[in-house]
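Input: a single structure, listed below in structure tokens.
In what follows, every chain begins at residue 1, and chains take the letters A, B, ... in the order their sequences are listed. What you see is a predicted model; the values in this text were computed from it and never measured.
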Amino acid sequence: MTASGPLADPRKQPRDDEFDIPFDLPATAPAGAPAPAPIPAPRPGGIAARAQALANPGRGEPSRGVYLDGLNPEQREAVEATDGPVLVLAGAGTGKTRVLTTRIAHILSLGLAWPSQILAVTFTNKAAREMKERIHAMVGEEVEGMPWLGTFHSIGVRMLRRHAELVGLKSGFTILDTDDQIRLLKQLLRAENIDEKRWPARLLANIIDGWKNRGLSPQQVPAGEGAAFANGRGQKLYTDYQARLKALNAVDFGDLLLEGIRLLRENPDVLADYHRRFRYILVDEYQDTNVAQYLWLRLLAQGSRNVCCVGDDDQSIYGWRGAEVDNILRFESDFPGAKVVRLERNYRSTGHILGAAAHLIAHNEGRLGKTLFSEGENGEKVTVTGAWDSQEEARAIGEEIEALQREGHALTQVAILVRASFQMREFEDRFVTLGLNYRVIGGPRFYERAEIRDALAYLRVIASPADDLAFERIVNVPKRGLGDAALRQIHDHARAAQLPLIEAARELVGSEELKPKVRLTLRDLVASFDRWREQMATLPHHELAEIVLDESGYTEMWQKDRSADAAGRLENLKELVRSMEPFENLIGFLEHISLVMDVDSGNGGDAVNIMTLHSAKGLEFDTVFLPGWEEGVFPNQRALDEQGRAGLEEERRLAYVGITRARRRAKVFFASNRRIHGLWQSAVPSRFLDELSEKDVEVTESRGGSGWGGGQGGGYAGRYGYGPSRFDQAETFGSSYSTPGWQRAQNAAKSGSGFSEGRSRYAASESARGGRIIEGELIAKSTGAPSRFAIGDRVFHQKFGYGEVSSVEGNKLTVQFDKAGEKKVVDSFVDAA
DNA sequence: ATACTGAGGATTTTT
DNA sequence: TCCTCAGTAT
């Protein structure tokens with residue numbers, strides 16, 4: 001097996017023998033070791049033996065290890081129930097990961113299985129990495145013998161590479177990401193003469209993904225659904241798409257599972273091998289599994305039936321991408337005789353936070369029901385604060401954070417969790433003004449950046465010349481005069497001669513068909529690729545990457561670019577090259593990148609975390625700010641429109657996830673007016689606010705004193721008003737929140753001074769003026785050392801690019817940025833241009 | 001082949 | 001409002 005099956009840690013050179021060992025022998029067994037059938041004895045001196053010795057000083061009875069100490073009774077029950085199916089319902093902060101990792105350590109130390117006989121699946125690489133680290137902490141090096149610890153996708157690839165021929169692929173198949181997928185679909189749509197305006201490729205990609213999530217092959221698509229796209233051509237397009245993938249020897253992410261299912265179903269011998277191999281199966285975040293993943297798991301679990309799924313139905317927030325909460329709700333009937341363990345003891349949050357969250361989530365109907373409790377203090381109440389508009393919301397949160405900072409709290413322990421990323425901007429702008437360090441988590445991913453994808457495309461063409469999608473991507477990047485016309489010629493020839501694009505190009509160069517200029521350029525390009533491919537054998541791959549980027553003119557292209565982000569892009573390219581170093585070779589790196597494509601974002605010191613609620617799942621912070629709790633924003637209007645009650649319940653689970661991220665302080669905000677897509681809209685507080693238990697909530701005024709009902713000349717309360725909405729009539733709204741601010745707001749709402757469409761525009765300009773006044777005060781207060789910049793200076797800012805200083809007040813500058821417009825920034829954030 | 005212009009669309013995200 | 005994409009003008 002030289003075409004490299006990926007290992008759980010792709011940075012290790014794939015071992016040649018990995019797949020040649022019979023499945024019922026452990027991959028890690030030393031040569032000549034006895035086969036551990038049916039139950040392997042602990043190897044002398046092995047981890048299991050050591051653990052047993054530790055656990056049972058003076059006794060021969062192997063039952064209990066030190067690692068079990070400190071588990072509560074339920075956790076211990078979940079760890080020790082090794083036989084048969086187990087469902088662990090683990091509420092937020094109840095030690096879910098701990099149970100999972102301890103269970104693995106337990107299985108290993110009792111010698112119930114070799115490391116290579118345990119299948120442990122997670123959703124994200126991050127989760128897999130963490131699990132691996134924690135197991136390592138418990139059992140040491142033995143974790144290195146666990147090749148089947150990984151994400152659904154990485155394990156899927158591993159199986160497919162081994163048996164590629166059985167599903168019509170070659171082992172070196174490439175994995176397409178969403179971008180490649182869409183470009184391919186665009187080609188298909190064009191070939192079918194389908195109007196891409198009416199039937200966008202992106203939509204088709206989503207539909208196909210949806211089918212794949214549900215485990216449906218083209219033939220299995222329900223007739224009605226297959227007809228829904230492009231006047232009945234959906235199913236045909238799906239079929240064509242799969243055919244194209246096969247022709248390219250490629251798969252998309254969905255195929256990694258779908259083809260895996262097909263492989264197991266159509267090849268009983270292969271399935272039987274895996275049944276023998278996997279004595280124990282563990283699944284993290286089971287509530288997030290989709291139908292395909294469920295089917296895949298069920299196939300594999302039919303062997304040993306020792307399957308342990310850990311999840312929390314209340315934290316199922318990925319329904320929109322195919323996750324089926326049903327999978328967890330149905331576990332007991334899917335796996336008869338299953339043991340269900342509930343973990344309800346929360347180790348993370350204070351009583352008030354838990355109480356508020358529990359009361360909220362109790363409004364959902366379809367749930368298994370858990371009641372979290374903690375033995376800690378009640379702590380601070382959850383606060384609910386109204387702001388006039390989103391700018392003021394950001395200002396109020398900024399001030400609270402500065403206050404926390406003054407009290408000595410670390411910014412890394414503060415998070416702002418938003419529903420949608422458009423909400424982040426307001427905070428970024430505000431924090432730039434304040435000079436408050438922040439980091440956005442989850443934004444555009446490293447690998448999605450154009451420059452990274454371009455660089456990778458070059459490397460892909462070098463590594464696998466038949467990668468047409470990669471070739472297409474970079475054939476004219478940087479611009480070298482090989483435009484549409486030239487590409488079409490190459491395409492035509494490739495199709496006629498049945499060759500990959502780059503080979504077709506090579507032949508065309510030798511003919512008279514191309515214009516002389518094009519011919520020369522293309523000849524150079526083909527020659528360059530030949531040269532690079534030769535160098536692949538002699539040069540370390542990261543050096544090769546550097547050479548490729550330089551010689552292709554790619555680096556130069558960005559060096560010449562004067563736009564704001566060019567510097568950052570060059571930095572990203574350097575980072576990419578750096579990240580290649582630990583890998584054994586180019587192939588290994590590309591394999592890793594196609595599945596992981598995630599570079600550890602260097603923890604840039606003390607900074608506030610800004611992220612979406614979705615990406616906050618699994619994390620925890622001392623203080624959590626939850627802005628934007630308004631009807632339409634959260635719960636999100638589209639979720640309600642498209643998914644109805646199910647959508648509302650998922651939004652509510654999202655709210656639950658948000659609150660339960662907080663250890664000590666949860667602070668909810670809403671704004672009465674918000675600009676959405678450039679239009680000011682008056683907003684109604686989210687129904688979720690009223691679903692928080694009053695005993696755990698305190699309604700406060702925004703700290704800046706300029707909130708609704710607050711200060712700033714006492715101006716806002718009178719102008720404040722809700723637009724007409726069903727929420728106004730809702731009975732729950734007549735709640736007895738009793739702070740002055742809340743009551744004033746209610747009075748204002750009842751007095752009928754709600755804004756009409758026209759007046760909400762008026763409100764917008766008023767609020768904008770209010771904003772500047774506040775900002776003026778702040779700036780006036782913060783005059784520090786005189787700035788090193790003067791009016792008229794040219795400056796460069798990491799985020800906004802080049803600009804000219806138009807005013808200087810202390811260390812705060814007002815800069816007219818060429819691209820980003822006028823911004824106020826702290827001078828330490830800019831450099832002289 | 002590239003630069004400009006106007007329309008349209010704009011959640012959530014992993015692999 | 002602001003960004004992306006497609007189509008047109010140079």
Side-chain angles (χ1 to χ4, degrees), chain A residues 6 121-128 150-157 175-182 186 195-198 200-203 206 209 212-213 251-257 285 288-290 292-293 316-323 390 417-426 441-445 447-448 450 476 479-487 515 517-518 521 592-598 611-618 628 632-643 647 650-651 653-655 657-658 674-681 764 819-821:
Chain A
V121 268
T122 62
F123 275 84
T124 64
N125 291 297
K126 193 169 157 234
T151 62
F152 278 98
H153 295 269
S154 67
I155 289 167
V157 180
I175 300 163
L176 304 192
D177 59 30
T178 319
D179 207 78
D180 293 326
Q181 203 184 351
I182 285 170
K186 272 192 183 159
D195 180 8
E196 288 176 58
K197 274 268 164 62
R198 243 192 104 188
R202 182 159 272 295
L203 176 65
N206 281 332
D209 274 347
K212 290 187 173 182
N213 284 155
V251 293
D252 63 20
F253 287 124
D255 286 338
L256 294 178
L257 284 159
E285 307 276 21
D288 287 339
T289 49
N290 59 36
Q293 286 155 340
S316 165
I317 54 174
Y318 286 108
W320 51 273
R321 66 176 197 211
S390 49
L417 310 182
V418 298
R419 170 68 246 259
S421 41
F422 73 82
Q423 295 170 258
M424 292 180 178
R425 232 187 120 139
E426 214 87 59
I441 294 182
R445 277 171 208 300
Y447 64 85
E448 278 168 2
N476 201 29
K479 302 255 189 292
R480 44 170 78 90
L482 299 170
D484 282 349
L487 190 61
K515 289 193 197 141
K517 227 184 215 155
V518 173
T521 332
H592 173 82
I593 216 78
S594 66
L595 280 175
V596 180
M597 300 219 283
D598 189 15
M611 70 190 90
T612 63
L613 286 159
H614 282 93
S615 45
K617 188 162 74 127
V633 175
F634 191 37
N636 178 276
Q637 193 57 49
R638 213 156 127 185
L640 299 184
D641 292 345
E642 289 171 11
Q643 304 291 327
E650 182 152 313
E651 295 288 296
R653 290 192 291 266
L654 208 42
V657 167
R674 187 176 292 274
R675 210 171 38 177
I676 293 172
H677 308 323
L679 286 174
W680 281 95
Q681 318 218 289
K819 297 240 158 104

Under 4.0 Å between any heavy atoms, over every strand shown, what does A:Gly156 touch: base, sugar-phosphate, or nothing? Just pick one. nothing
Hey, is the side chain of A:Asn125 poking within less than 4.0 Å of OP1 or OP2 on B:dT14, counting only N and O atoms? no
DNA chain B: 5'-proximal contact among A:Ala485 and A:Thr151 (nearest heavy atom): A:Ala485
Between B:dT2, B:dT12, C:dC2, which nucleotide gets closest to the side-chain atoms of A:Arg425? C:dC2
What's the separation between atom CD in A:Gln293 and atom CG in A:Leu256, rounded to the nearest 0.5 Å? 11.0 Å
Name the nucleic acid region contacted by A:Glu642, choosing base, sugar-phosphate or nothing; use a 4.0 angstrom heavy-atom cut-off, strictly under. base
Side chain of A:His153: nearest nucleotide among C:dA6, B:dT13, B:dT15? B:dT15
Answer yes or no: side-chain N or O of A:Arg419 and base N or O of B:dT12 forming a donor-acceptor pair under 3.5 Å. yes
Take the angle between the ring planes of A:Tyr318 and A:His614 and call it parallel below 30°, perpendicular above 60°, tilted in between. tilted
Can you check whether A:His677 stacks with the B:dG9 base, using ring centres under 5.5 Å and planes within 30°? no
Nucleotide of B:dT15, C:dT1, B:dT11 approaching A:Leu595 most closely (side-chain heavy atoms): B:dT15
Rounded to whole Å, how long is the line connecting atom CG of A:Leu417 with atom P of B:dT12? 15 Å
Strictly below 4.0 Å: does A:Ser421 bring a side-chain N or O up to OP1 or OP2 of B:dT11? no
Answer yes or no as to whether B:dT14 has its base stacked against A:Phe253, where stacking requires a ring-centre separation under 5.5 angstrom and planes under 30 degrees apart. no
